[in-house]
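Below is one structure, written out as structure tokens; the observations come after it.
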Number of protein chains: 2
Amino acid sequence: MLRELFLGFIRVHILFHAGEAPVWGAALMEELARHGYRVGPGTLYPILHALERQGYLRHEPRAVEGRIRKYYRITPAGRRILARAQAQLRELVREALPARGRSR
Amino acid sequence: MLRELFLGFIRVHILFHAGEAPVWGAALMEELARHGYRVGPGTLYPILHALERQGYLRHEPRAVEGRIRKYYRITPAGRRILARAQAQLRELVREALPARGRSR
DNA sequence: TGAGTGATATCGGATGGCGATATTACGCCG
DNA sequence: CGGCGTAATATCGCCATCCGATATCACTCA
């Protein structure tokens, strides 16, 4: 139901988290689920691949407890895109969110 | 470049504006352009049709200065979806936006 | 009537979404 | 060592969406 509404939000989440600390796919899925986005692997992994192909993420495989994870972190280009998304977000909030919990 | 990031934002804009006052396609395109989203008619109109098909908008043709415009306004179901989007937006802001211009 | 104009509609190739299913790679245990 | 369990990631295939280009529509005015 209108998932296309949230796919952009999800990407912002991903870029942001990948900018804070390296993240891997499965952890992202849990994180997103905590935020109310139900995203399956068939959705998430292609998104990660696309973000990497576009140069916004880069991954590095790492062995953790005998498992191999691909840790993604943001690239400089990714930071630029994230900054633009955050600016748009700020504007969207200023315009389309009832002024609450905000000031100045 | 990563337009899929913004398509959700655009939909929030549309639903919000249609909740404030009746809007027609061409005016929305200008409005969105002012906010930095470059959206052509081949993108916007199918989105309006889809939102209407899903029951979030309803249109009413009206003659204005000899032209026919389709004024869209939000439906109750649209308001519910918008409220959910706004909630997600608030959460996204709280999480992924550097605390600035916000309090508590 | 026909040129002009604001507004909306459609077409079609490319791309993306996503549930279901498969694959990979390791530890563990007998 | 096999082969089972499991965490993590990958892929398949169908369907929906995207969107620039182009067409259509409806009305005014000369």
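Proteins come first, then strands; the chains are lettered A, B, ... in the order of their sequence lines, and each starts at number 1. What's counted below: heavy atoms across the whole structure, side chains too, no hydrogens, waters or symmetry copies.
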| message | The side chain of A/Y72 is closest to which nucleotide in this list: C/dC18, C/dT10, D/dA10? | response | D/dA10
Close N or O pairs between protein and nucleotides 28-30 of chain C (under 3.5 Å):
none

| query | Which nucleotide sits closest to the side chain of B/I47: C/dA9, C/dC18, D/dC18? | reply | D/dC18
| remark: For residues 57-68 of chain B, the side-chain hydrogen bond (donor to acceptor under 3.5 Å, both in side chains) pairs (sequence neighbours left out) are B/E52-B/H59
| task | Check whether any side-chain heavy atom of A/I14 sits under 4.5 Å from a side-chain heavy atom of A/L44, and report yes or no. | result | yes
| What integer distance in Å separates B/H49:NE2 from C/dC11:P? | 12 Å
| Do B/Y71 and B/R69 meet the criterion of a side-chain donor-acceptor pair at a distance under 3.5 Å? | yes
| query | Just by modelled atom types, is the B/F6 backbone N or O under 3.5 Å from a matching donor or acceptor in the A/R11 side chain? | reply | no
| B/L7 versus B/V39: any side-chain heavy-atom pair under 4.5 Å? | no
| Pairs flagged by ring-ring contact (aromatic ring centres under 6.0 Å, His included) wherever residues 75-96 of chain B is involved - sequence neighbours left out | none
| field | Test item: B/L28 and B/L48 side chains (from C-beta on) under 4.5 Å apart, heavy atoms | value | yes
| Below 4.0 Å: OP1/OP2 of C/dA9 and any side-chain N or O of B/Y45 | no
| query | Atom CG of A/L51 to atom P of C/dG17: distance rounded to whole Å? | reply | 10 Å
| query | How about B/K70 and B/Y45: do any of their side-chain heavy atoms sit closer than 4.5 Å? | reply | no
| task | Please report the C-alpha distance between B/Q86 and B/F16 in whole Å, then the side-chain angles of each, then the deciding distance to 0.1 Å, and finally whether the side chain to side chain contact (heavy atoms under 4.5 Å, CB included) criterion is met. | result | CA-CA 10 Å; B/Q86 286 170 329; B/F16 178 77; 4.1 Å; yes
| message | Can you list, in residue-number order, the parts of residues 15-41 of chain B that come under 4.0 Å of DNA chain C, counting heavy atoms only? | response | B/W24, B/G25, B/A26, B/P41
| said: Do B/Q88 and A/Y37 have side chains that approach each other closer than 4.5 Å (heavy atoms only, starting at C-beta)? | reply: yes
| said: When you group the ILVMFWY residues by side-chain heavy-atom contacts below 4.5 Å and let the links chain together, are A/I47 and A/M29 in the same group? | reply: yes
| field | DNA chain C contacts made by residues 62-71 of chain B, counting heavy atoms under 4.0 Å | value | B/R67, B/I68, B/R69, B/K70
| Presence of A/R3 side-chain N/O under 4.0 Å of C/dC18 phosphate oxygens OP1/OP2 | yes
| query | Between A/H17 and A/H35, how do the two ring planes meet: parallel, tilted or perpendicular, split at 30° and 60°? | reply | tilted
Within the sub-3.5 Å range, which N or O atoms of nucleotides 15-17 of chain D have a protein N or O partner, and how far apart are they?
none

| query | Taking the side chain as C-beta and beyond, is there a heavy-atom pair between B/Y56 and A/L5 under 4.5 Å? | reply | no
